[in-house]
Amino acid sequence: SGELYCSLPNPRNVRFESINMKNVLHWSAPEGTDDGVLYKVKYAVYGVGKWIRKPECRNINRTWCDLSTETSDYEEQYYASVKAFLNGTCSDWMETTRFNPLTDTKIDPPMVSVSSTDRSISIILTAPEKWKSNPEEESISLLQVYPGLQYNVSVLNKKTKKRWLFSISNNTLVVPWLEPGTAYCVSAQIHVTTPVLDSGFSKEHCITTLKDK
Amino acid sequence: KTFHFGSCRVSMSLAEIRAGFTAIKANIQSRDPVRTLSILSHPHSLHKVKSSDRCCMTHQLFTFYVDKVFKHCRTEDSFVNRKISSIANSFLSARRKLGQCREQNNCVCGEESTEKFKQILANYEGLNVTSAAMKSLGELDILLDWMEKSR
Amino acid sequence: GDALLPAPQSVSILSTNMKHFLTWSPVIVLGATVRYSVEFQGEYEREYANGSWIPISECSLTTATVCNITEDISATVAYKLRVRAELGATRSPWATTKGFFSPTMTSLTPPELRVVADGHHILVELADMGPSFQFRVLYWKKGQDSRVQQKVMKEVSSVLHLDTMEAGAEYCVKAQTHVEAINRSSSFSPTQCVRAQGDTSMWL
(Lines give C-alpha, C1' and ligand atoms only; values in the text may rest on other atoms or scores of the structure.)
Protein backbone atom coordinates (compact mmCIF):
# COMPACT_ATOMS: atom_id res chain seq x y z
CA SER A 1 0.00 0.00 0.00
CA GLY A 2 2.95 2.28 -0.64
CA GLU A 3 3.72 2.61 3.05
CA LEU A 4 6.56 4.98 3.96
CA TYR A 5 9.74 3.70 5.56
CA CYS A 6 8.59 3.24 9.15
CA SER A 7 11.21 4.33 11.62
CA LEU A 8 8.92 6.10 14.09
CA PRO A 9 8.70 4.46 17.52
CA ASN A 10 5.53 2.46 17.97
CA PRO A 11 2.36 3.46 19.82
CA ARG A 12 2.44 1.83 23.24
CA ASN A 13 0.02 -0.08 25.44
CA VAL A 14 -2.57 -0.56 22.70
CA ARG A 15 -5.59 -2.07 24.39
CA PHE A 16 -9.39 -2.12 24.61
CA GLU A 17 -11.02 -0.45 27.58
CA SER A 18 -14.59 -1.67 27.90
CA ILE A 19 -17.40 -0.77 30.28
CA ASN A 20 -20.86 -2.27 29.75
CA MET A 21 -19.54 -3.27 26.31
CA LYS A 22 -18.70 0.28 25.30
CA ASN A 23 -15.47 -0.87 23.70
CA VAL A 24 -12.92 1.90 23.21
CA LEU A 25 -9.44 1.38 21.83
CA HIS A 26 -6.78 3.28 23.79
CA TRP A 27 -3.04 3.69 23.35
CA SER A 28 -0.14 5.85 24.44
CA ALA A 29 1.90 8.04 22.10
CA PRO A 30 5.19 6.67 20.83
CA GLU A 31 8.11 7.22 23.20
CA GLY A 32 9.81 10.56 22.82
CA THR A 33 7.16 12.13 20.61
CA ASP A 34 5.37 15.31 21.60
CA ASP A 35 2.57 16.89 19.62
CA GLY A 36 1.92 16.46 15.97
CA VAL A 37 1.66 12.67 15.88
CA LEU A 38 -1.29 11.40 13.87
CA TYR A 39 -2.77 7.92 13.99
CA LYS A 40 -4.92 5.56 12.01
CA VAL A 41 -6.82 2.54 13.26
CA LYS A 42 -7.97 -0.75 11.84
CA TYR A 43 -9.73 -3.73 13.37
CA ALA A 44 -10.46 -7.35 12.55
CA VAL A 45 -13.06 -9.86 13.59
CA TYR A 46 -11.03 -12.80 14.82
CA GLY A 47 -11.16 -15.64 12.29
CA VAL A 48 -12.37 -13.44 9.43
CA GLY A 49 -9.83 -12.83 6.79
CA LYS A 50 -9.57 -9.03 6.54
CA TRP A 51 -8.59 -5.95 8.47
CA ILE A 52 -11.06 -3.10 8.27
CA ARG A 53 -10.03 0.56 8.46
CA LYS A 54 -11.99 2.86 10.79
CA PRO A 55 -12.51 6.07 8.75
CA GLU A 56 -13.52 8.17 11.77
CA CYS A 57 -10.16 7.35 13.34
CA ARG A 58 -7.99 8.19 10.34
CA ASN A 59 -5.32 10.90 10.80
CA ILE A 60 -6.52 11.65 14.32
CA ASN A 61 -4.25 13.18 16.97
CA ARG A 62 -6.16 11.81 19.97
CA THR A 63 -5.08 8.49 21.50
CA TRP A 64 -8.40 6.67 21.60
CA CYS A 65 -10.99 5.41 19.13
CA ASP A 66 -14.49 4.18 19.92
CA LEU A 67 -14.99 0.80 18.26
CA SER A 68 -18.19 -0.07 20.13
CA THR A 69 -20.30 -0.35 17.00
CA GLU A 70 -17.74 -2.46 15.21
CA THR A 71 -17.37 -4.82 18.16
CA SER A 72 -20.99 -4.97 19.31
CA ASP A 73 -21.51 -8.66 18.47
CA TYR A 74 -20.33 -10.25 21.69
CA GLU A 75 -20.37 -13.71 20.15
CA GLU A 76 -17.33 -12.66 18.18
CA GLN A 77 -13.82 -11.72 19.26
CA TYR A 78 -11.68 -8.93 17.86
CA TYR A 79 -8.27 -7.43 17.30
CA ALA A 80 -7.52 -3.76 16.72
CA SER A 81 -4.34 -2.07 15.57
CA VAL A 82 -2.86 1.45 15.52
CA LYS A 83 -0.19 3.07 13.33
CA ALA A 84 1.47 6.44 14.06
CA PHE A 85 2.67 9.10 11.59
CA LEU A 86 4.98 12.10 12.16
CA ASN A 87 6.96 14.28 9.77
CA GLY A 88 6.70 11.89 6.87
CA THR A 89 7.65 8.78 8.77
CA CYS A 90 5.54 6.16 10.47
CA SER A 91 5.53 3.38 13.04
CA ASP A 92 4.63 -0.29 12.72
CA TRP A 93 1.06 -1.43 13.24
CA MET A 94 0.69 -2.21 16.93
CA GLU A 95 -2.05 -4.68 17.88
CA THR A 96 -4.19 -5.38 20.91
CA THR A 97 -4.43 -8.79 22.46
CA ARG A 98 -7.53 -10.74 21.42
CA PHE A 99 -10.59 -8.94 22.78
CA ASN A 100 -13.63 -10.93 23.98
CA PRO A 101 -16.40 -8.41 24.77
CA LEU A 102 -18.24 -10.96 26.91
CA THR A 103 -15.40 -11.64 29.34
CA ASP A 104 -13.19 -8.57 28.93
CA THR A 105 -15.75 -5.87 29.70
CA LYS A 106 -16.25 -4.23 33.07
CA ILE A 107 -19.75 -3.87 34.48
CA ASP A 108 -21.10 -0.77 36.18
CA PRO A 109 -22.92 -1.17 39.50
CA PRO A 110 -26.72 -1.44 39.28
CA MET A 111 -28.96 1.59 39.68
CA VAL A 112 -30.52 1.57 43.12
CA SER A 113 -33.82 3.17 44.09
CA VAL A 114 -35.06 3.00 47.65
CA SER A 115 -38.37 3.87 49.30
CA SER A 116 -39.48 3.39 52.85
CA THR A 117 -42.41 3.06 55.21
CA ASP A 118 -42.11 3.34 58.96
CA ARG A 119 -40.93 -0.22 59.36
CA SER A 120 -39.48 -1.30 56.01
CA ILE A 121 -37.47 -0.24 53.04
CA SER A 122 -38.06 -1.37 49.46
CA ILE A 123 -35.14 -1.59 47.09
CA ILE A 124 -35.38 -1.80 43.29
CA LEU A 125 -32.25 -2.61 41.34
CA THR A 126 -31.70 -2.00 37.64
CA ALA A 127 -28.82 -3.68 35.83
CA PRO A 128 -26.94 -1.44 33.38
CA GLU A 129 -27.73 -1.73 29.70
CA LYS A 130 -25.33 -2.93 27.06
CA TRP A 131 -23.81 0.15 25.44
CA LYS A 132 -25.50 1.24 22.23
CA SER A 133 -24.10 3.90 19.95
CA ASN A 134 -27.45 4.69 18.42
CA PRO A 135 -30.09 5.75 20.98
CA GLU A 136 -32.75 4.46 18.58
CA GLU A 137 -31.46 0.95 18.92
CA GLU A 138 -33.31 -1.51 21.12
CA SER A 139 -31.96 -1.57 24.66
CA ILE A 140 -30.37 -4.79 25.86
CA SER A 141 -30.01 -5.23 29.60
CA LEU A 142 -26.84 -6.95 30.78
CA LEU A 143 -29.27 -9.30 32.49
CA GLN A 144 -29.97 -10.74 29.03
CA VAL A 145 -26.28 -10.98 28.22
CA TYR A 146 -25.37 -12.69 31.52
CA PRO A 147 -28.22 -15.02 32.54
CA GLY A 148 -26.41 -15.96 35.78
CA LEU A 149 -26.39 -12.33 36.94
CA GLN A 150 -27.08 -11.79 40.67
CA TYR A 151 -27.05 -8.83 43.04
CA ASN A 152 -25.31 -8.41 46.39
CA VAL A 153 -27.12 -5.73 48.41
CA SER A 154 -25.56 -4.13 51.47
CA VAL A 155 -27.86 -2.47 54.03
CA LEU A 156 -26.21 -0.36 56.74
CA ASN A 157 -28.10 0.71 59.89
CA LYS A 158 -26.60 4.14 60.53
CA LYS A 159 -27.62 4.05 64.20
CA THR A 160 -26.17 0.66 65.14
CA LYS A 161 -23.51 0.76 62.40
CA LYS A 162 -24.44 -2.85 61.59
CA ARG A 163 -24.21 -3.87 57.93
CA TRP A 164 -26.19 -6.74 56.46
CA LEU A 165 -25.58 -8.39 53.09
CA PHE A 166 -28.36 -9.83 50.93
CA SER A 167 -27.61 -12.02 47.91
CA ILE A 168 -30.57 -12.02 45.50
CA SER A 169 -31.32 -13.07 41.95
CA ASN A 170 -34.36 -10.95 41.24
CA ASN A 171 -34.13 -7.17 41.23
CA THR A 172 -36.38 -6.24 44.15
CA LEU A 173 -35.83 -6.58 47.87
CA VAL A 174 -38.06 -5.57 50.76
CA VAL A 175 -36.48 -5.44 54.20
CA PRO A 176 -39.28 -5.46 56.79
CA TRP A 177 -39.27 -5.11 60.56
CA LEU A 178 -36.89 -2.17 60.68
CA GLU A 179 -36.65 0.51 63.34
CA PRO A 180 -38.83 3.56 62.76
CA GLY A 181 -37.11 6.93 62.37
CA THR A 182 -33.78 5.31 61.53
CA ALA A 183 -31.43 5.99 58.62
CA TYR A 184 -30.47 3.06 56.45
CA CYS A 185 -27.88 3.24 53.65
CA VAL A 186 -28.13 0.84 50.73
CA SER A 187 -25.58 -0.03 48.07
CA ALA A 188 -25.53 -2.87 45.58
CA GLN A 189 -23.14 -4.81 43.39
CA ILE A 190 -23.62 -7.05 40.36
CA HIS A 191 -22.12 -10.54 40.58
CA VAL A 192 -21.85 -12.75 37.49
CA THR A 193 -20.73 -16.33 38.21
CA THR A 194 -19.68 -17.46 34.73
CA PRO A 195 -17.72 -15.79 33.35
CA VAL A 196 -16.59 -14.39 36.68
CA LEU A 197 -17.44 -10.67 36.55
CA ASP A 198 -18.20 -8.37 39.49
CA SER A 199 -19.14 -4.71 39.38
CA GLY A 200 -18.08 -2.43 42.17
CA PHE A 201 -20.66 -1.45 44.79
CA SER A 202 -22.89 1.45 43.85
CA LYS A 203 -22.68 4.63 45.85
CA GLU A 204 -24.82 4.52 49.00
CA HIS A 205 -28.47 5.58 48.87
CA CYS A 206 -29.59 6.57 52.37
CA ILE A 207 -33.18 6.81 53.50
CA THR A 208 -34.82 7.26 56.89
CA THR A 209 -37.77 5.10 57.90
CA LEU A 210 -40.83 7.12 58.89
CA LYS A 211 -41.39 7.98 62.53
CA ASP A 212 -43.65 5.50 64.31
CA LYS A 213 -47.32 6.54 63.91
CA LYS B 1 -24.75 -26.04 37.35
CA THR B 2 -27.24 -27.77 35.09
CA PHE B 3 -26.71 -27.57 31.35
CA HIS B 4 -29.51 -28.21 28.88
CA PHE B 5 -28.26 -29.61 25.58
CA GLY B 6 -31.48 -30.32 23.76
CA SER B 7 -33.14 -33.08 25.78
CA CYS B 8 -29.86 -33.88 27.52
CA ARG B 9 -29.61 -32.43 31.02
CA VAL B 10 -26.19 -32.58 32.66
CA SER B 11 -24.97 -31.17 35.94
CA MET B 12 -21.33 -30.21 35.73
CA SER B 13 -18.96 -27.45 36.71
CA LEU B 14 -16.97 -25.59 34.11
CA ALA B 15 -15.49 -23.28 36.73
CA GLU B 16 -12.18 -25.18 36.90
CA ILE B 17 -11.83 -25.14 33.13
CA ARG B 18 -12.70 -21.44 32.94
CA ALA B 19 -10.27 -20.60 35.77
CA GLY B 20 -7.49 -22.66 34.22
CA PHE B 21 -7.99 -21.04 30.82
CA THR B 22 -8.19 -17.51 32.20
CA ALA B 23 -4.84 -18.07 33.91
CA ILE B 24 -3.08 -18.89 30.61
CA LYS B 25 -5.26 -17.13 28.01
CA ALA B 26 -2.86 -14.24 27.28
CA ASN B 27 0.13 -16.62 27.07
CA ILE B 28 -1.57 -19.10 24.76
CA GLN B 29 -3.24 -16.53 22.48
CA SER B 30 0.07 -14.67 22.09
CA ARG B 31 1.51 -17.85 20.56
CA ASP B 32 -1.14 -17.75 17.81
CA PRO B 33 -0.16 -15.09 15.24
CA VAL B 34 -2.90 -15.95 12.75
CA ARG B 35 -5.74 -13.42 13.21
CA THR B 36 -7.62 -14.27 10.10
CA LEU B 37 -8.38 -17.93 10.79
CA SER B 38 -10.46 -19.53 13.52
CA ILE B 39 -10.95 -23.21 14.33
CA LEU B 40 -14.29 -22.94 16.12
CA SER B 41 -16.01 -19.74 15.08
CA HIS B 42 -15.67 -19.34 11.29
CA PRO B 43 -17.10 -19.89 8.79
CA HIS B 44 -19.71 -21.60 10.96
CA SER B 45 -20.44 -20.11 14.38
CA LEU B 46 -21.13 -22.43 17.31
CA HIS B 47 -23.86 -20.02 18.27
CA LYS B 48 -25.89 -21.16 15.28
CA VAL B 49 -25.98 -24.83 16.40
CA LYS B 50 -29.56 -26.00 16.99
CA SER B 51 -30.45 -26.86 20.59
CA SER B 52 -31.08 -30.49 19.70
CA ASP B 53 -27.60 -30.78 18.22
CA ARG B 54 -25.81 -29.18 21.17
CA CYS B 55 -25.14 -32.33 23.13
CA CYS B 56 -23.55 -34.11 20.19
CA MET B 57 -21.56 -31.03 19.19
CA THR B 58 -20.28 -30.60 22.74
CA HIS B 59 -19.31 -34.26 23.05
CA GLN B 60 -17.55 -34.18 19.68
CA LEU B 61 -15.68 -31.01 20.66
CA PHE B 62 -14.63 -32.45 24.02
CA THR B 63 -13.33 -35.54 22.21
CA PHE B 64 -11.57 -33.31 19.65
CA TYR B 65 -9.75 -31.43 22.39
CA VAL B 66 -8.83 -34.59 24.32
CA ASP B 67 -7.72 -36.63 21.33
CA LYS B 68 -6.16 -33.97 19.12
CA VAL B 69 -5.46 -30.70 20.87
CA PHE B 70 -4.02 -30.96 24.37
CA LYS B 71 -1.22 -33.36 23.51
CA HIS B 72 0.27 -30.87 21.03
CA CYS B 73 0.20 -27.92 23.42
CA ARG B 74 3.23 -28.68 25.55
CA THR B 75 5.20 -25.48 26.23
CA GLU B 76 8.47 -24.51 27.84
CA ASP B 77 6.49 -22.91 30.66
CA SER B 78 5.85 -25.22 33.63
CA PHE B 79 2.94 -23.12 34.91
CA VAL B 80 1.22 -23.24 31.52
CA ASN B 81 1.78 -27.00 31.22
CA ARG B 82 0.21 -27.56 34.64
CA LYS B 83 -2.83 -25.49 33.74
CA ILE B 84 -3.20 -27.38 30.46
CA SER B 85 -3.13 -30.62 32.44
CA SER B 86 -5.81 -29.27 34.77
CA ILE B 87 -7.98 -28.31 31.79
CA ALA B 88 -7.38 -31.60 29.97
CA ASN B 89 -8.30 -33.68 33.01
CA SER B 90 -11.38 -31.51 33.62
CA PHE B 91 -12.40 -32.17 30.00
CA LEU B 92 -12.23 -35.91 30.69
CA SER B 93 -14.60 -35.68 33.63
CA ALA B 94 -16.95 -33.31 31.79
CA ARG B 95 -17.02 -35.63 28.78
CA ARG B 96 -17.85 -38.53 31.06
CA LYS B 97 -20.91 -36.59 32.26
CA LEU B 98 -22.00 -36.06 28.66
CA GLY B 99 -21.54 -39.78 28.14
CA GLN B 100 -24.54 -40.27 30.41
CA CYS B 101 -26.70 -38.53 27.84
CA ARG B 102 -25.31 -40.66 25.05
CA GLU B 103 -26.24 -43.75 27.03
CA GLN B 104 -29.78 -42.40 27.45
CA ASN B 105 -29.78 -41.71 23.72
CA ASN B 106 -30.24 -38.02 24.41
CA CYS B 107 -27.20 -37.02 22.46
CA VAL B 108 -28.16 -37.54 18.86
CA CYS B 109 -25.85 -36.27 16.14
CA GLY B 110 -27.93 -34.46 13.54
CA GLU B 111 -26.80 -33.57 10.09
CA GLU B 112 -26.06 -29.99 11.10
CA SER B 113 -23.69 -30.76 13.94
CA THR B 114 -21.97 -33.42 11.84
CA GLU B 115 -21.43 -30.85 9.07
CA LYS B 116 -20.22 -28.13 11.42
CA PHE B 117 -17.84 -30.52 13.17
CA LYS B 118 -16.42 -31.56 9.79
CA GLN B 119 -15.70 -27.88 9.11
CA ILE B 120 -13.94 -27.54 12.45
CA LEU B 121 -11.74 -30.55 11.64
CA ALA B 122 -11.04 -29.04 8.20
CA ASN B 123 -10.02 -25.76 9.83
CA TYR B 124 -7.76 -27.74 12.15
CA GLU B 125 -6.17 -29.85 9.41
CA GLY B 126 -5.52 -26.65 7.42
CA LEU B 127 -2.73 -25.65 9.79
CA ASN B 128 0.38 -27.46 10.96
CA VAL B 129 -0.46 -29.51 14.02
CA THR B 130 1.24 -27.37 16.67
CA SER B 131 -0.25 -24.13 15.34
CA ALA B 132 -3.65 -25.75 15.03
CA ALA B 133 -3.50 -27.14 18.56
CA MET B 134 -2.32 -23.86 20.09
CA LYS B 135 -5.02 -21.94 18.17
CA SER B 136 -7.68 -24.38 19.35
CA LEU B 137 -6.53 -24.07 22.95
CA GLY B 138 -6.61 -20.28 22.60
CA GLU B 139 -10.23 -20.52 21.50
CA LEU B 140 -11.43 -22.38 24.61
CA ASP B 141 -13.35 -19.32 25.73
CA ILE B 142 -15.37 -19.49 22.52
CA LEU B 143 -16.41 -23.03 23.49
CA LEU B 144 -17.05 -22.11 27.13
CA ASP B 145 -19.03 -18.96 26.28
CA TRP B 146 -21.20 -21.02 23.93
CA MET B 147 -21.71 -23.81 26.47
CA GLU B 148 -22.60 -21.41 29.25
CA LYS B 149 -25.42 -20.06 27.12
CA SER B 150 -26.90 -23.56 27.48
CA ARG B 151 -27.44 -23.15 31.23
CA GLY C 1 24.46 -43.20 41.82
CA ASP C 2 20.65 -43.19 42.29
CA ALA C 3 20.47 -46.43 44.29
CA LEU C 4 22.52 -44.99 47.20
CA LEU C 5 19.70 -42.63 48.20
CA PRO C 6 16.56 -44.40 49.53
CA ALA C 7 13.18 -43.32 48.30
CA PRO C 8 10.98 -41.36 50.73
CA GLN C 9 8.66 -43.52 52.80
CA SER C 10 5.09 -43.10 54.11
CA VAL C 11 3.97 -41.15 51.07
CA SER C 12 0.35 -40.13 51.58
CA ILE C 13 -2.21 -37.49 50.70
CA LEU C 14 -4.03 -35.41 53.28
CA SER C 15 -7.12 -33.72 51.87
CA THR C 16 -9.61 -31.61 53.76
CA ASN C 17 -12.14 -29.16 52.33
CA MET C 18 -10.68 -29.36 48.83
CA LYS C 19 -7.16 -28.54 50.03
CA HIS C 20 -4.86 -31.40 49.11
CA PHE C 21 -1.35 -32.04 50.47
CA LEU C 22 1.21 -34.73 49.68
CA THR C 23 3.32 -35.71 52.67
CA TRP C 24 6.23 -38.13 53.17
CA SER C 25 8.84 -39.09 55.75
CA PRO C 26 12.22 -37.39 55.52
CA VAL C 27 15.21 -39.25 54.12
CA ILE C 28 17.98 -38.85 56.67
CA VAL C 29 21.58 -38.47 55.49
CA LEU C 30 23.83 -37.32 58.30
CA GLY C 31 25.44 -33.96 57.73
CA ALA C 32 23.59 -33.37 54.47
CA THR C 33 20.47 -31.52 53.37
CA VAL C 34 18.24 -33.79 51.38
CA ARG C 35 15.81 -32.17 48.94
CA TYR C 36 12.72 -33.56 47.28
CA SER C 37 10.83 -33.19 44.00
CA VAL C 38 7.18 -33.95 43.40
CA GLU C 39 5.33 -34.84 40.19
CA PHE C 40 1.69 -35.64 39.39
CA GLN C 41 -0.12 -37.62 36.71
CA GLY C 42 -3.80 -37.31 35.90
CA GLU C 43 -6.03 -39.65 33.98
CA TYR C 44 -5.35 -37.57 30.88
CA GLU C 45 -1.59 -38.07 31.16
CA ARG C 46 -2.05 -41.81 31.69
CA GLU C 47 -4.54 -42.38 28.88
CA TYR C 48 -3.57 -39.76 26.28
CA ALA C 49 -0.04 -38.55 26.99
CA ASN C 50 1.99 -41.76 27.23
CA GLY C 51 1.84 -41.89 31.01
CA SER C 52 3.78 -38.66 31.34
CA TRP C 53 4.36 -36.96 34.70
CA ILE C 54 4.22 -33.24 35.38
CA PRO C 55 6.56 -31.59 37.89
CA ILE C 56 5.16 -29.22 40.50
CA SER C 57 7.67 -26.40 40.44
CA GLU C 58 6.85 -25.15 43.94
CA CYS C 59 7.88 -28.59 45.22
CA SER C 60 10.99 -29.07 43.10
CA LEU C 61 14.20 -29.38 45.16
CA THR C 62 12.29 -28.48 48.29
CA THR C 63 13.55 -29.33 51.77
CA ALA C 64 10.01 -29.57 53.07
CA THR C 65 8.33 -32.97 53.46
CA VAL C 66 4.91 -31.66 52.44
CA CYS C 67 3.66 -30.26 49.12
CA ASN C 68 0.44 -28.33 48.45
CA ILE C 69 -0.97 -30.04 45.36
CA THR C 70 -4.35 -28.29 45.42
CA GLU C 71 -3.84 -26.15 42.33
CA ASP C 72 -2.84 -29.12 40.17
CA ILE C 73 -5.30 -31.72 41.43
CA SER C 74 -8.28 -29.75 40.22
CA ALA C 75 -10.29 -32.15 38.05
CA THR C 76 -12.53 -34.92 39.36
CA VAL C 77 -10.40 -37.69 37.82
CA ALA C 78 -7.98 -40.21 39.27
CA TYR C 79 -4.51 -38.83 39.98
CA LYS C 80 -1.22 -40.38 41.00
CA LEU C 81 1.54 -38.51 42.82
CA ARG C 82 5.20 -39.36 43.25
CA VAL C 83 8.17 -37.91 45.16
CA ARG C 84 11.87 -38.63 45.18
CA ALA C 85 14.84 -37.49 47.26
CA GLU C 86 17.76 -35.62 45.75
CA LEU C 87 21.21 -34.95 47.18
CA GLY C 88 23.46 -33.13 44.76
CA ALA C 89 23.47 -35.22 41.60
CA THR C 90 22.21 -38.30 43.42
CA ARG C 91 18.54 -39.13 43.15
CA SER C 92 16.47 -41.75 44.88
CA PRO C 93 13.94 -43.94 43.09
CA TRP C 94 10.45 -42.44 42.89
CA ALA C 95 8.02 -43.21 45.68
CA THR C 96 4.53 -43.25 44.17
CA THR C 97 1.23 -43.04 46.01
CA LYS C 98 -0.50 -46.38 46.29
CA GLY C 99 -3.84 -46.28 44.50
CA PHE C 100 -5.35 -43.17 43.02
CA PHE C 101 -6.49 -39.89 44.51
CA SER C 102 -9.35 -37.73 43.32
CA PRO C 103 -10.76 -34.51 44.78
CA THR C 104 -13.97 -36.43 45.33
CA MET C 105 -12.15 -38.16 48.18
CA THR C 106 -11.58 -34.96 50.16
CA SER C 107 -13.06 -34.86 53.66
CA LEU C 108 -15.57 -32.07 54.17
CA THR C 109 -15.97 -30.51 57.60
CA PRO C 110 -19.01 -28.58 58.76
CA PRO C 111 -18.75 -24.80 58.22
CA GLU C 112 -17.93 -22.37 61.00
CA LEU C 113 -21.22 -20.63 61.59
CA ARG C 114 -22.18 -17.73 63.82
CA VAL C 115 -25.86 -16.81 64.17
CA VAL C 116 -26.89 -13.33 65.30
CA ALA C 117 -30.28 -11.85 66.10
CA ASP C 118 -30.61 -8.16 65.36
CA GLY C 119 -34.10 -6.97 66.26
CA HIS C 120 -36.41 -9.07 64.12
CA HIS C 121 -33.67 -10.11 61.79
CA ILE C 122 -31.65 -13.28 61.85
CA LEU C 123 -28.16 -13.03 60.39
CA VAL C 124 -25.35 -15.49 59.82
CA GLU C 125 -21.63 -15.24 59.47
CA LEU C 126 -19.87 -18.05 57.62
CA ALA C 127 -16.11 -18.52 57.36
CA ASP C 128 -14.89 -18.27 53.78
CA MET C 129 -13.72 -21.67 52.51
CA GLY C 130 -12.79 -20.80 48.94
CA PRO C 131 -14.51 -20.52 45.56
CA SER C 132 -15.49 -24.19 45.37
CA PHE C 133 -17.85 -23.91 48.34
CA GLN C 134 -21.52 -23.10 48.71
CA PHE C 135 -23.36 -23.09 52.04
CA ARG C 136 -26.75 -24.68 52.62
CA VAL C 137 -28.31 -22.96 55.62
CA LEU C 138 -31.37 -24.55 57.27
CA TYR C 139 -33.48 -22.60 59.77
CA TRP C 140 -36.73 -23.13 61.57
CA LYS C 141 -38.84 -21.73 64.35
CA LYS C 142 -38.10 -23.69 67.51
CA GLY C 143 -40.74 -26.30 68.05
CA GLN C 144 -41.75 -26.33 64.41
CA ASP C 145 -39.06 -28.76 63.28
CA SER C 146 -41.21 -29.92 60.39
CA ARG C 147 -41.23 -26.46 58.79
CA VAL C 148 -37.57 -26.10 57.98
CA GLN C 149 -36.56 -23.41 55.50
CA GLN C 150 -33.39 -23.39 53.42
CA LYS C 151 -31.12 -20.86 51.78
CA VAL C 152 -28.07 -21.61 49.62
CA MET C 153 -25.39 -18.98 50.02
CA LYS C 154 -22.18 -18.38 48.19
CA GLU C 155 -21.18 -14.87 49.12
CA VAL C 156 -19.73 -15.11 52.60
CA SER C 157 -17.61 -12.03 52.82
CA SER C 158 -19.75 -10.43 55.54
CA VAL C 159 -22.83 -10.68 57.73
CA LEU C 160 -25.53 -12.32 55.62
CA HIS C 161 -29.21 -11.62 56.14
CA LEU C 162 -31.09 -14.90 56.52
CA ASP C 163 -34.66 -13.87 57.22
CA THR C 164 -36.97 -11.93 59.50
CA MET C 165 -38.38 -13.48 62.67
CA GLU C 166 -41.67 -13.22 64.46
CA ALA C 167 -41.51 -11.03 67.53
CA GLY C 168 -40.17 -12.89 70.57
CA ALA C 169 -39.88 -16.22 68.76
CA GLU C 170 -36.80 -18.43 68.96
CA TYR C 171 -35.21 -19.64 65.76
CA CYS C 172 -32.63 -22.36 65.21
CA VAL C 173 -30.05 -22.54 62.44
CA LYS C 174 -27.56 -25.07 61.15
CA ALA C 175 -25.45 -25.16 57.98
CA GLN C 176 -23.49 -27.54 55.77
CA THR C 177 -21.08 -26.91 52.93
CA HIS C 178 -21.69 -28.15 49.40
CA VAL C 179 -19.00 -28.52 46.73
CA GLU C 180 -20.63 -28.52 43.31
CA ALA C 181 -17.53 -29.82 41.49
CA ILE C 182 -17.63 -33.09 43.42
CA ASN C 183 -21.36 -32.96 44.23
CA ARG C 184 -20.82 -33.69 47.91
CA SER C 185 -21.83 -31.99 51.15
CA SER C 186 -20.37 -31.85 54.65
CA SER C 187 -22.23 -32.84 57.76
CA PHE C 188 -24.18 -30.08 59.51
CA SER C 189 -22.69 -27.63 61.95
CA PRO C 190 -24.04 -27.73 65.51
CA THR C 191 -27.45 -26.05 65.73
CA GLN C 192 -27.53 -22.51 67.12
CA CYS C 193 -30.73 -20.82 68.36
CA VAL C 194 -31.41 -17.13 68.87
CA ARG C 195 -34.46 -15.22 70.00
CA ALA C 196 -36.05 -12.36 68.11
CA GLN C 197 -36.67 -9.11 69.86
CA GLY C 198 -39.95 -8.95 71.77
CA ASP C 199 -43.12 -7.07 70.83
CA THR C 200 -42.62 -4.01 68.61
CA SER C 201 -44.23 -1.78 71.28
CA MET C 202 -40.87 -1.98 72.93
CA TRP C 203 -39.75 0.68 70.42
CA LEU C 204 -42.18 3.37 71.69
Side-chain angles (χ1 to χ4, degrees), chain A residues 109-110 117-123 125 148-170 172-201 204 208-213, chain C residues 74 111 113-137 139 141 149-171 173 175 177-181 194-204:
Chain A
T117 65
D118 58 345
R119 289 262 164 65
S120 71
I121 56 176
S122 301
I123 301 162
L125 305 169
L149 186 147
Q150 294 181 325
Y151 302 98
N152 291 332
V153 183
S154 160
V155 177
L156 172 68
N157 180 325
K158 293 283 274 186
K159 190 191 293 181
T160 64
K161 298 288 188 284
K162 287 181 183 167
R163 184 184 301 274
W164 306 338
L165 189 77
F166 298 76
S167 205
I168 58 174
S169 298
N170 53 6
T172 55
L173 173 65
V174 176
V175 186
W177 289 105
L178 297 177
E179 292 175 54
T182 303
Y184 289 89
C185 291
V186 176
S187 67
Q189 167 196 43
I190 282 177
H191 173 63
V192 176
T193 48
T194 46
V196 177
L197 283 175
D198 285 347
S199 75
F201 270 92
E204 284 194 331
T208 302
T209 49
L210 305 178
K211 290 263 190 290
D212 208 356
K213 298 186 189 74
Chain C
S74 60
L113 168 70
R114 190 169 79 93
V115 183
V116 177
D118 186 350
H120 288 267
H121 298 267
I122 186 168
L123 305 138
V124 292
E125 266 188 286
L126 289 153
D128 189 0
M129 298 177 73
S132 310
F133 285 80
Q134 292 179 345
F135 299 87
R136 187 163 160 254
V137 182
Y139 59 100
K141 194 170 153 186
Q149 298 186 65
Q150 160 184 306
K151 266 193 179 170
V152 175
M153 293 173 154
K154 200 159 165 54
E155 288 301 320
V156 292
S157 54
S158 54
V159 178
L160 298 166
H161 187 277
L162 190 56
D163 213 330
T164 49
M165 303 183 279
E166 290 165 26
E170 191 172 9
Y171 284 75
V173 182
T177 64
H178 178 73
V179 180
E180 191 184 35
V194 290
R195 184 177 297 277
Q197 184 170 293
D199 193 342
T200 51
S201 53
M202 290 233 329
W203 285 335
L204 295 181

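Atom set for the values below is all heavy atoms of this structure, side chains included, hydrogens, waters and symmetry mates excluded. Letters go in sequence order (proteins before strands), and every chain restarts at 1.
The line from CG of C:Asp118 to CD of A:Glu179 is 7.5 Å long, rounded to the nearest 0.5 Å. For the atom pair NE2 of A:His191 and NZ of C:Lys154, the computed distance is 6.5 Å after rounding to the nearest 0.5 Å.
At a 4.5 Å heavy-atom cutoff, the contact between C:Leu160 and chain A is made by backbone and side-chain atoms alike.
C:His161 meets the ring-ring contact (aromatic ring centres under 6.0 Å, His included) test with A:Trp164, A:Phe166, C:His121; sequence neighbours excluded.
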